[in-house]
Every structure is written in C-alpha cells, then in structure tokens.
Participant: 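Provided herewith is a single structure, encoded as structure tokens, for subsequent inquiry.
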Protein chains: 2
Amino acid sequence: MFNTLVNAAMTPEPSSAIHPRAGTDTVARILKAAGTLFAESGFDAVSMNTIAERAGVSKANIFHHFDSKDALYVAVLRQACENSTERLQRLGSDTGPFPQRLAAFAQHLLADMLDHAEVSRLILRELLLGGAQRGREFAEKVFGDNFARLVEILRAGQARGELRADIDPAMIAALLIGANVFFFEAQEVLRHFRDVTFAQDPARYSRMLADVLLDGILAPNDPAQRLSE
Amino acid sequence: MFNTLVNAAMTPEPSSAIHPRAGTDTVARILKAAGTLFAESGFDAVSMNTIAERAGVSKANIFHHFDSKDALYVAVLRQACENSTERLQRLGSDTGPFPQRLAAFAQHLLADMLDHAEVSRLILRELLLGGAQRGREFAEKVFGDNFARLVEILRAGQARGELRADIDPAMIAALLIGANVFFFEAQEVLRHFRDVTFAQDPARYSRMLADVLLDGILAPNDPAQRLSE
DNA sequence: AATACAACTGACCGACCGGTCAGTCAGTAC
DNA sequence: GTACTGACTGACCGGTCGGTCAGTTGTATT
C-alpha cells in the first residue's frame with residue numbers, strides 16, 4: 001500500500017479521478033517540502049515536525065503516507081533521481097564534431113545542475129557523503145548514467161581519431177564532471193575569491209573548461225616541452 | 001578561559017609541566033574523538049554522549065572544556081584547518097619548469113588529502129555544504145590559501161611564457177583543485193564503475209590529470225605522438 | 001593543616017525527537 | 001438510511017538530545 005501510494009505520486013498523472021479526496025496532492029506537497037528541507041540542511045537536521053509544518057499537514061499524516069522518516073527520504077531521493085535521469089537523456093548534442101559535442105555536454109550538464117540545484121544537491125549529498133546506504137543506489141545510477149554517457153562520447157572521439165588515443169576516457173569524464181560538480185558545490189565560496197571572475201557566469205566557466213580540456217594550457221609555440229615522468 | 005584552554009590544546013606543546021593533573025591531554029582526546037566522529041557522520045548525527053564515550057570522559061567534562069557542542073565543533077575545525085595550513089606550506093616544489101611544478105602541486109595536494117582524509121572531509125563538509133556558518137571562515141581560509149598558491153604558480157608560468165596567456169589562471173586552479181576534490185569525494189563511488197581503472201591509484205590519476213591539463217585531449221596535428229605511460 | 005581551585009563525575013533537566021493511536025470526517029456502495 | 005474506507009488530526013509515548021549543577025577528587029599554595 002505504501003509503495004502504491006508513493007509510486008502513484010511519482011508519476012504526475014491526475015489521479016483525482018481515482019481518489020475521492022481533493023487532497024491527493026498531499027503526498028506531492030509532502031515530497032516537495034521534504035525535498036527542499038533535506039536539500040537545504042541534510043537528513044538529520046530536518047525534523048518531521050518541520051516538514052509537516054512546511055507541507056501544511058499534520059505530522060501524523062506524513063506517517064500515514066510514509067512508513068518512516070527514512071522511507072520518506074528514500075521516496076524524495078527516488079523522485080529526484082527519476083527526474084534527473086529523465087532530463088539526462090536529452091542532454092548535450094549527439095551529433096557534430098567532437099569538440100562541439102564535448103563543449104555542449106559540459107555546458108548543458110552544468111546548466112542543468114544549476115537549474116535544478118535542489119535536486120542536484122540532494123543527489124550529491126547522498127552520493128558523496130560517506131556511510132548512509134539509504135539511497136546511494138539511486139544516486140549512483142543517475143551519476144553512473146551520466147558518466148557512462150560521457151565516456152561514450154569520448155570513446156567515439158577516439159575512434160574517429162579526433163581525440164588522443166593514449167588517454168583514459170574515464171579519466172576525462174571524471175575530470176569534466178568533477179570540474180562541474182566542484183563549480184556547483186563551491187560557487188558560493190568561489191564567489192568572493194578575488195582571483196575568480198567566473199563565479200557568476202557558469203556558461204563562461206563551461207566554455208573555458210572545454211577550451212582548456214581540448215587544447216591544454218601550455219603555450220602553443222613550443223610543443224616540445226612535455227611532462228617527463 | 002575557554003579560549004585559553006583550546007588554544008593551548010591546539011599547540012601541541014607538552015603542557016604536562018604546567019598543568020597539574022595527568023589528564024591534561026583530555027582536551028586533545030576530546031578533540032580527536034570529536035574530529036573522527038564529526039568527519040564520519042557530520043555534526044547533527046553525532047551526540048555529545050557518543051563523543052564522551054569515545055574520548056573516555058564524562059559528557060559533563062566536555063562541557064567543562066567547551067562551552068557548547070558548536071564551540072567544540074569550531075575547535076575541531078580550527079585545529080583541522082591549522083594542521084592543513086601548516087602542511088600546505090610545504091606542498092609542491094617551488095622551482096623547476098612549469099609543467100613539473102604544476103604536476104607536483106596536483107600530486108601532492110591529492111596525496112595530502114588522502115593521507116589526512118578525516119581532516120579533509122571535515123573541511124570540505126563545512127566548505128561545500130550549504131548553510132551552516134559555524135566555521136566556514138576557517139575552511140575558506142585553508143581553501144583560499146591553497147587556491148591563491150596555485151594561481152600564483154600559474155601566473156608565474158604565464159609570465160615566463162610557458163603557459164598560454166589567453167586563459168584565466170583562477171579557472172585552471174578551480175579545475176585542478178576541483179578535479180582533486182572530486183576524486184577524493186567520489187573515490188568510493190568511482191571504484192565500482194566498470195570504465196574506471198584509476199580509482200585505487202591516485203598517483204596515476206594525478207599524472208593523467210597533469211598530462212591532460214598541459215597538453216589537452218585533442219589529437220595533435222602533426223603525428224609526433226608520445227608513448228602512453 | 002587549611003585554603004583554593006581546576007579537573008572531573010553522576011544525576012538530572014526541559015525540549016524535542018521519531019513514531020503511535022484513538023478518533024473525526026468526507027465520500028462511496030448498497 | 002447503514003456500513004465501510006481512506007485521509008487526516010491532536011494528544012500522547014518512550015527515548016534521546018544538548019546542557020546544568022551539586023559535589024568529589026587531586027594538587028599546588030599558604
């Protein structure tokens with residue numbers, strides 16, 4: 001019964017025809033309130049009372065719809081991951097030369113994270129903070145899809161000879177995603193570093209990121225200098 | 001009085017000569033236990049009872065040495081940041097050609113983070129998680145020093161013409177530090193991605209990172225291809 | 001020996017936590 | 001009408017939280 005309710009709430013079908021009470025959106029309201037609060041402050045720092053107050057329902061009503069605080073958290077996370085997975089599939093361009101594909105992926109990924117900051121923060125929190133196996137699997141799936149997709153783009157670039165063959169695509173994927181995640185996480189901190197001029201301009205950051213990744217940072221005149229191991 | 005005690009505990013001088021009781025290391029034991037637990041589970045998830053138990057003292061004794069749980073957390077964070085700042089100053093090589101300097105910085109930074117994972121996790125948690133102004137200033141100082149130091153290395157490279165002049169040094173710094181932070185944070189997750197072969201080998205990750213950053217990932221125009229490690 | 005004081009403890013406090021429960025209410029089926 | 005159901009609530013539960021306090025112990029000073 002619990003799962004039925006939650007899954008019904010996940011798919012945004014107008015179930016008002018099925019359920020009698022007008023308050024069927026209650027589950028959605030709870031999920032929204034819980035999502036916002038969890039993303040803001042994390043699991044432990046948010047009480048069921050606060051969620052109930054924010055959602056405009058009684059605490060007991062939340063327990064009527066969700067078995068426990070953990071179950072609510074998992075439902076919130078599952079919904080967030082489903083949304084992300086959905087958006088993920090129409091991310092970046094699948095055609096065009098490799099540099100454009102890579103730049104588009106990087107730019108769209110960062111823009112998507114910033115546009116859905118709350119959801120992203122929730123997933124990252126679950127993914128990166130140690131312990132807590134509560135919903136790591138969901139987060140890993142979203143992240144893994146993202147990662148695999150980027151690796152594929154890179155492998156295609158290698159196959160077509162546009163990309164150096166002597167590099168590890170997974171490493172580049174980690175680098176690119178890591179740079180984006182880091183920008184997302186540290187934006188508030190970077191903002192008031194004197195050297196940083198791009199904190200308010202993610203599109204510019206993405207452009208510079210793709211540029212550096214593609215061409216490197218060494219001066220082009222002397223390609224002879226190379227890191228010796 | 002509170003500050004005096006904490007600051008005395010910060011500098012690891014053998015104050016056994018000054019203080020009477022043999023248990024003067026109590027403060028250190030409390031800080032160590034609290035640091036470990038906070039790094040493992042975060043602020044909210046750790047109770048004073050647990051800290052007291054782990055440190056082998058009574059809970060009331062912790063409140064004798066620290067005004068509040070927040071004050072204890074700040075003290076832990078301050079100590080962690082001081083240690084990091086200290087280590088930071090002997091990080092990387094100050095001489096040699098630019099590629100070596102950059103590679104050394106990246107490699108040492110990551111190695112240091114992994115060697116002091118507990119402290120690093122604590123600082124990153126404070127820095128990157130939203131809200132919580134508890135001790136952000138400490139974390140920002142450590143991070144800012146790190147950042148400024150790397151920017152300086154990059155500016156020097158630009159001044160000597162070894163590095164492209166049309167790039168933003170701060171952006172490169174963010175990219176490099178971000179890539180390291182991300183590796184540190186996501187190591188456990190990356191470990192069981194099929195494409196990833198470097199999760200257990202941070203030194204190799206650092207080498208690849210420096211390589212890619214310096215030369216880019218595009219296939220070179222003239223096929224003066226290098227051998228891959 | 002008496003004083004003074006920091007280190008330290010066990011018992012305790014009010015507040016709040018996640019969670020339960022008896023019961024109300026609106027709508028549906030017959 | 002009556003029986004039934006699920007959404008919903010206020011009051012309440014045991015337990016844990018951060019924090020307090022009276023009192024004990026050990027040591028240095030006088």
Side-chain angles (χ1 to χ4, degrees), chain A residues 1-9 14-34 37-38 41-76 132 134, chain B residues 1-9 14-34 37-38 41-76 132 134:
Chain A
M1 183 199 74
F2 156 71
N3 269 334
T4 309
L5 271 169
V6 172
N7 286 333
S15 54
S16 56
I18 303 171
H19 291 74
R21 201 60 163 262
T24 310
D25 65 335
T26 301
V27 172
R29 289 218 315 281
I30 294 171
L31 285 173
K32 186 181 173 189
L37 290 166
F38 283 145
S41 315
F43 181 81
D44 293 303
V46 176
S47 76
M48 295 298 270
N49 277 313
T50 307
I51 296 172
E53 197 175 339
R54 178 77 70 98
V57 299
S58 68
K59 186 175 70 167
N61 194 14
I62 300 183
F63 282 100
H64 172 69
H65 290 290
F66 301 92
D67 283 353
S68 64
K69 188 185 181 185
D70 271 270
L72 171 60
Y73 183 75
V74 168
V76 166
R134 257 188 302 260
Chain B
M1 183 197 76
F2 156 71
N3 269 334
T4 309
L5 271 170
V6 172
N7 286 333
S15 54
S16 57
I18 303 170
H19 291 72
R21 196 68 158 261
T24 310
D25 65 335
T26 301
V27 172
R29 287 218 317 281
I30 294 172
L31 284 172
K32 185 180 173 189
L37 290 166
F38 284 144
S41 315
F43 181 81
D44 293 301
V46 176
S47 76
M48 296 298 271
N49 277 312
T50 308
I51 297 172
E53 197 174 340
R54 177 79 70 100
V57 300
S58 68
K59 185 175 70 167
N61 194 15
I62 300 183
F63 281 100
H64 172 69
H65 290 290
F66 301 92
D67 283 353
S68 65
K69 188 184 180 185
D70 271 271
L72 171 59
Y73 183 75
V74 169
V76 166
R134 259 185 299 260

Participant: Going by modelled atom types, is there a donor-acceptor pair between the base of D:dG18 and the side chain of B:Lys59 at under 3.5 Å?
Facilitator: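 Indeed, a donor on one side and an acceptor on the other fall under 3.5 Å apart.
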
Participant: What is the minimum heavy-atom distance between A:Leu37 and A:Val46, and which atoms define it?
Facilitator: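 Minimum heavy-atom contact is O-CG2, 3.4 Å.
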
Participant: Measure the distance from CD on B:Glu53 to P on D:dC17 and round it to the nearest whole Å.
Facilitator: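 Those two atoms, CD and P, are 11 Å apart.
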
Participant: Check the phosphate of C:dG18 against A:Ser68, side-chain N and O only, distance under 4.0 Å to OP1 or OP2. Yes or no?
Facilitator: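 No, because none of the side-chain N or O atoms of A:Ser68 sits under 4.0 Å from OP1 or OP2 of C:dG18.
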
Participant: Answer whether the closest heavy-atom distance between the side chains of A:His65 and A:Val57 falls below 4.5 Å.
Facilitator: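 Not touching, per the 4.5 Å side-chain cut-off.
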
Participant: Could you check whether any side-chain heavy atom of B:Leu31 comes within less than 4.5 Å of a side-chain heavy atom of B:Phe66, counting everything from C-beta outward?
Facilitator: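 Of all side-chain heavy-atom pairs linking B:Phe66 with B:Leu31, at least one is under 4.5 Å.
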
Participant: For A:Ser58, which contact category applies under a 4.0 Å heavy-atom criterion: base, sugar-phosphate, or nothing?
Facilitator: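 Base contact.
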
Participant: Rounded to whole angstrom units, what separation is found between the NE2 atom of B:His65 and the P atom of D:dG19?
Facilitator: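 Rounded to the whole Å, the gap is 16 Å.
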
Participant: Could you state the CD1-P distance from A:Ile51 to C:dC17, rounded to the nearest angstrom?
Facilitator: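 The answer, rounded to whole Å, is 11 Å.
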
Participant: Are any of the side-chain heavy atoms of B:Lys69 and B:Leu72 separated by less than 4.5 Å?
Facilitator: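 Heavy-atom side-chain distance check fails, nothing below 4.5 Å.
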
Participant: Check every atom of C:dG18, D:dG18, C:dC8 against the side chain of B:Phe63 and return the nucleotide holding the closest atom.
Facilitator: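 From the listed options, D:dG18 comes nearest.
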
Participant: Please check: side-chain N/O of A:Lys59 versus main-chain N/O of A:Ser47, any donor-acceptor pairing under 3.5 Å?
Facilitator: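 No, the answer is negative, given that no donor and acceptor are paired below the 3.5 Å cut-off.
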
Participant: Starting at atom CZ of B:Phe38, determine the distance to atom C1' of D:dG18, rounded to an integer number of angstrom.
Facilitator: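 It is 12 Å, rounded to the nearest whole Å.
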
Participant: Can you tell me how far P of C:dT20 sits from CE of A:Met48, to the nearest Å?
Facilitator: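 Rounded to whole Å, this separation is 10 Å.
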
Participant: Using whole Å, what does the distance between atom P of nucleotide C:dC16 and atom CG of B:Asp44 come to?
Facilitator: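 Value for this atom pair: 15 Å.
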
Participant: For DNA chain D, whose closest nucleotide is more 5', that of A:Asn61 or that of B:Asn49?
Facilitator: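 Result of the comparison: A:Asn61.
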
Participant: Side chain of B:His64 only, heavy atoms from C-beta on: which candidate in C:dA7, C:dC17, C:dT9 is closest?
Facilitator: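 The answer is C:dA7, which lies nearest to the side chain.
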
Participant: Would you kindly compare A:Ala60 and A:Ser47 by the position of their nearest DNA chain C nucleotide and give the one closer to the 5′ end?
Facilitator: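 Nearer the 5' end of the strand: A:Ser47.
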
Participant: Atom CG of B:Asp67 and atom C1' of D:dT20: how far apart are they, to the nearest Å?
Facilitator: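 Value for this atom pair: 13 Å.
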
Participant: Calculate the interatomic distance between B:Lys69 atom NZ and D:dT20 atom P; express it in whole Å.
Facilitator: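 Whole-Å distance recorded here is 15 Å.
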
